[in-house]
Amino acid sequence: MSFDRTKLGTSDLEKYFHNNERRLIHKWNHYFDIYERHFNRFRNQPIVILEIGVFHGGSLQMWKDYFGNKVQIHGVDINPDCKKLEEDQVQIHIGSQTDRAFLRKLKEQIPKVDILIDDGGHTMKQQQTTFEELYDHVKEDGVYLCEDTHSSYWIEYGGGLKRRKTFMEFSKNLIDSLNAFHSRQGSFKPDSFTKSADSIHFYDSIVVIEKRKRSAPIDLKSGEESFPYDYHHNGSKTKYRILLSINKVLQFLRLPGFIWR
């Protein structure tokens with residue numbers, strides 16, 4: 001397929017990709033803007049990157065060029081031939097991303113990472129196991145990026161629309177955890193993800209989690225009220241209690257809420 005280069009983006013990563021004559025890189029065309037948006041702040045900093053899925057090693061060279069001579073890059077692949085692709089600033093570890101023992105040993109061997117990129121085998125088990133084992137190895141202000149999440153819709157990878165245990169369905173549940181500080185249900189409480197994730201970004205084929213240490217948000221006001229107003233039950237308190245009782249039943253049955261208006 002040929003490209004009209006006058007219509008290509010201007011990010012340094014995209015320029016590198018389209019001028020690449022080194023090791024093979026395989027990316028979807030819209031990924032570069034996403035990388036730029038979430039990775040730019042790390043450039044020329046002494047950071048650590050972990051990429052799951054070495055392939056032919058081209059992306060490792062791209063990251064090295066983009067982030068500069070202070071970056072330390074670790075790659076993981078199940079193919080032992082990938083070990084030959086090591087070079088200055090790049091170390092490669094051979095093992096499976098579904099092998100929890102291997103991933104736990106990896107965490108002992110490498111420092112905490114600023115950026116984790118899961119570009120491995122893209123099966124549901126691989127993506128979820130990697131997240132469960134390595135999310136906590138990303139620094140508290142780091143980035144966790146899982147790409148090629150369209151495999152959640154491909155049957156041969158264990159995917160399918162709304163199919164249980166796909167990585168996309170798993171990621172959607174993380175949205176609830178992100179908002180758990182606001183829960184009024186005893187069975188739904190803030191967890192380690194709630195306290196460590198600042199935001200979740202869903203793109204075509206990519207999920208990005210920006211980390212930041214968090215505590216419960218504080219509801220603030222400033223200025224003087226123009227008139228009395230009860231934000232929780234404006235009007236009859238009896239009506240509010242009835243409404244609350246109705247919605248507790250509907251919530252238990254997982255039915256849509258009822259609001260008087």
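Start at 1 with the first residue, then count along the sequence. Atom set for the values below is all heavy atoms of this structure, side chains included, hydrogens, waters and symmetry mates excluded.
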Fill in the blank from the handout: ring-ring contact (aromatic ring centres under 6.0 Å, His included) pairs touching residues 98-128, sequence neighbours excluded, are none
Exercise for the section: Would you mind listing every salt bridge (Lys or Arg N to Asp or Glu O under 4.0 Å) that reaches into residues 52-76, with sequence neighbours excluded? Expected result: K64-E87
Exercise for the section: Identify whether V143 and Y135 are in the same connected component of the hydrophobic contact network (ILVMFWY, side-chain heavy atoms under 4.5 Å). Expected result: no
Exercise for the section: Compute whether any side-chain donor of one residue and acceptor of the other, for Y66 and E36, lie under 3.5 angstrom apart. Expected result: yes
Practice task
Keeping the roles fixed (side chain from H182, backbone from A216), state whether a donor-acceptor pair exists under 3.5 Å.
Solution key: no
Completion exercise
Applying salt bridge (charged side-chain N to carboxylate O under 4.0 Å, His left out) to R43 and not counting sequence neighbours gives D12
Exercise for the section: Only counting residues at least two apart or in another chain, list the ones meeting ring-ring contact (aromatic ring centres under 6.0 Å, His included) with H38. Expected result: H201, Y203
Exercise for the section: Determine yes or no for a side-chain-to-main-chain donor-acceptor pair under 3.5 angstrom, with R214 supplying the side chain and A197 the backbone. Expected result: yes
Practice task
May I ask whether I47 and L134 are part of the same hydrophobic cluster, defined by side-chain heavy atoms of I, L, V, M, F, W, Y residues being less than 4.5 angstrom apart, directly or through others?
Solution key: no
Problem - Any donor-acceptor pair under 3.5 Å from S152 side chain to G159 backbone - result: no
Practice task
Verify the distance criterion only: is there a donor paired with an acceptor across the side chains of S11 and Y16 at less than 3.5 Å?
Solution key: no
Handout entry: F42-V71 co-clustered via ILVMFWY side chain contacts under 4.5 Å
Key = yes
Exercise for the section: Answer yes or no: is there a side-chain heavy-atom contact under 4.5 Å between L116 and L145? Expected result: no
Handout entry: Name of the residue among I49, I25, L85, V90 meeting side chain to side chain contact (heavy atoms under 4.5 Å, CB included) with L60
Key = V90
Handout entry: Side-chain H-bond candidate by donor/acceptor type, S199 with E210, under 3.5 Å
Key = no
Problem - Atom pair CD/CD of Q128 and E132 - distance to nearest 0.5 Å - result: 4.5 Å
Handout entry: Cationic N near anionic O, under 4.0 Å, K105 to E108
Key = no
Practice task
Return the set of residues passing salt bridge (charged side-chain N to carboxylate O under 4.0 Å, His left out) with D118 (not counting sequence neighbours), or none when no residue passes.
Solution key: none
Handout entry: Contacts of H150 that satisfy ring-ring contact (aromatic ring centres under 6.0 Å, His included) - sequence neighbours left out
Key = W28, W154
Problem - 4.5 Å side-chain heavy-atom contact, K211 and E140 - result: no
Problem - Residues E133, R100: salt bridge by 4.0 Å N-O rule - result: yes
Problem - Residue pairs involving residues 43-65 (criterion ring-ring contact (aromatic ring centres under 6.0 Å, His included); sequence neighbours excluded) - result: Y35-W63, F39-W63
Handout entry: Nearest-0.5 Å distance, CE of residue M168 to SG of residue C146
Key = 9.5 Å
Fill in the blank from the handout: Taken to the nearest 0.5 Å, the spacing of L178 CG from N173 CG works out to 12.5 Å
Exercise for the section: Would you mind checking if D136 and K107 are paired as a salt bridge, meaning a charged N to carboxylate O distance below 4.0 Å? Expected result: yes
Problem - Set of side chain to side chain donor-acceptor pair (under 3.5 Å) partners for T123, sequence neighbours left out - result: Q126
Practice task
Please lay out, stage by stage, how D148 and Y31 fare under the test side chain to side chain donor-acceptor pair (under 3.5 Å).
Solution key: CA-CA 10 Å; D148 292 351; Y31 282 13; 2.4 Å; yes
Problem - Co-membership, hydrophobic cluster, residues V76 and Y144, 4.5 Å side-chain - result: yes
Handout entry: Steps toward side chain to side chain donor-acceptor pair (under 3.5 Å) verdict (T166, Y153)
Key = CA-CA 8 Å; T166 66; Y153 306 97; over 6 Å; no
Handout entry: Reported OG1-to-CE distance for the pair T98 and M124, which is rounded to 0.5 angstrom
Key = 13.0 Å
Exercise for the section: Please name all residues satisfying salt bridge (charged side-chain N to carboxylate O under 4.0 Å, His left out) with R22, sequence neighbours left out, ordered by chain then number. Expected result: none
Completion exercise
Sorted by chain and number, sequence neighbours left out, ring-ring contact (aromatic ring centres under 6.0 Å, His included) with F170 holds for F131, F167
Practice task
Could you tell me the separation between the NE2 atom of H93 and the CD1 atom of I52, rounded to the nearest 0.5 Å?
Solution key: 9.5 Å
Practice task
Find the distance between CG (D114) and CG (L50) and round it off to the nearest 0.5 Å.
Solution key: 11.0 Å
Exercise for the section: Could you state whether I117 and L103 fall into the same hydrophobic cluster, counting links through intermediate Ile, Leu, Val, Met, Phe, Trp or Tyr residues with side-chain heavy atoms under 4.5 angstrom apart? Expected result: no
Practice task
Decide whether E51 and S59 meet the rule of one side-chain donor and one side-chain acceptor closer than 3.5 Å.
Solution key: yes
Exercise for the section: For this output row, return yes or no: ring centroids of F32 and F17 closer than 6.0 angstrom. Expected result: yes
Problem - Donor-acceptor under 3.5 Å (D77 side chain, P80 main chain) - result: no
Handout entry: Those residues that, when tested against K112, pass side chain to side chain donor-acceptor pair (under 3.5 Å) (two or more places apart)
Key = none
Practice task
State whether the side chain of T149 and the backbone N or O of S205 hold a donor-acceptor pair below 3.5 Å, judged by distance alone.
Solution key: yes
Completion exercise
With sequence neighbours left out, the residues meeting salt bridge (charged side-chain N to carboxylate O under 4.0 Å, His left out) with K83 are E86
Problem - Electrostatic pair D141:R212 at N-O distance under 4.0 angstrom - result: no
Problem - Whether D99 side chain and G95 backbone form a donor-acceptor pair below 3.5 Å - result: no
